[in-house]
Amino acid sequence: MNTILPTENQDWGFWGTMREHAASAWPTAFTAIHNATSTDSASVRAFLDSRYGRHFADGVNGQMHHGASLADAIAKTTAEWMGWRITQRTSRETGIPAGLPYLTGFVINEGIAAEAQD
């Protein structure tokens, strides 16, 4: 079950980067990432609230700048991040297994980091 958790970082991460679109973008992005990665809600929130969530939002904003609707921009950015793979270099730097989809790897990684802080 996908429970959309609220942001814990309104100043930065995905929410802060999406600015005036944040309230409408959050549930759409949250659901798209959850469905694409099959990860838990806490990990999705941790990802969106992280610096990687900010980078994800940059992708969404870029798609919107090129004429995509908010929903299409999120879908395209999700597909793009799922198409990228964790490289050997990124694996050495982060511990995320090489070959894993980029989005999945960073959602899981941020979820683990958030859980370790609790």
request  = Please indicate whether Glu20 has more than 12 foreign heavy atoms, meaning atoms of other residues, nucleotides or ligands, lying under 6.0 Å from its CD.
outcome  = yes
key: Contacts of type side-chain hydrogen bond (donor to acceptor under 3.5 Å, both in side chains), residue Thr39, not counting sequence neighbours   = Thr37
message = Looking at Ser24 and His21, would you say the former's side chain and the latter's main chain have a donor-acceptor pair under 3.5 Å?
response = yes
ask   = Which pair of heavy atoms, one from Met18 and one from Ala57, lies closest together, and at what distance?
value = SD-CB, 3.7 Å
key: Which atom of Pro6 lies closest to which atom of Trp26, heavy atoms considered   = C-CZ2, 4.0 Å
Considering only distance and modelled atom types, tabulate donor-acceptor pairs under 3.5 Å from the side chains of residues 106-117, sequence neighbours left out.
none

ask   = If you link I, L, V, M, F, W and Y whenever their side-chain heavy atoms are under 4.5 Å apart, who else ends up in the same group as Trp12?
value = none
inquiry  = How long is the straight-line distance from CD1 of Ile4 back to NE2 of His34, given to the nearest 0.5 Å?
reply    = 9.5 Å
List the atom pairs, donor and acceptor, that lie under 3.5 Å between side-chain atoms in residues 93-104 and the rest of the protein, sequence neighbours left out.
unit_1: Glu93; atom_1: OE2; unit_2: Arg89; atom_2: NE; d: 3.0
unit_1: Thr94; atom_1: OG1; unit_2: Thr90; atom_2: O; d: 2.7
unit_1: Thr94; atom_1: OG1; unit_2: Ile96; atom_2: N; d: 3.1

request  = Measure the OG-CG distance between Ser41 and Leu5 for me, rounded to the nearest 0.5 Å.
outcome  = 5.0 Å
inquiry  = Are the side chains of His55 and Thr77 in contact, using a 4.5 Å heavy-atom criterion?
reply    = no
query = Should Phe14 and Phe47 count as side-chain neighbours, where that means a heavy-atom distance under 4.5 Å?
reply = no
query = What pairs of residues pass the salt bridge (charged side-chain N to carboxylate O under 4.0 Å, His left out) test when at least one of them lies in residues 43-71, not counting sequence neighbours?
reply = Glu8-Arg45
Those residues that, when tested against Ala32, pass side chain to side chain contact (heavy atoms under 4.5 Å, CB included) (two or more places apart) = Ile74, Thr78
query = How would you list, by chain and number, every residue that makes a side-chain hydrogen bond (donor to acceptor under 3.5 Å, both in side chains) with Ser43, sequence neighbours excluded?
reply = Asp40
ask   = Residues two or more places apart in sequence or in another chain: which of them pass side chain to side chain contact (heavy atoms under 4.5 Å, CB included) with Gln10?
value = Thr7, Trp15
request  = Determine the sole option in Asn35, Thr3, Leu48 for which the side chain to side chain contact (heavy atoms under 4.5 Å, CB included) test with Phe30 is passed.
outcome  = Leu48
Residues forming a side chain to side chain contact (heavy atoms under 4.5 Å, CB included) with Ser38, sequence neighbours excluded = none
inquiry  = My understanding is that only residues two or more places apart in sequence, or in another chain, count here; which of them pass side chain to side chain contact (heavy atoms under 4.5 Å, CB included) with Ala73?
reply    = Val60, Gln63, Met64, Ala68
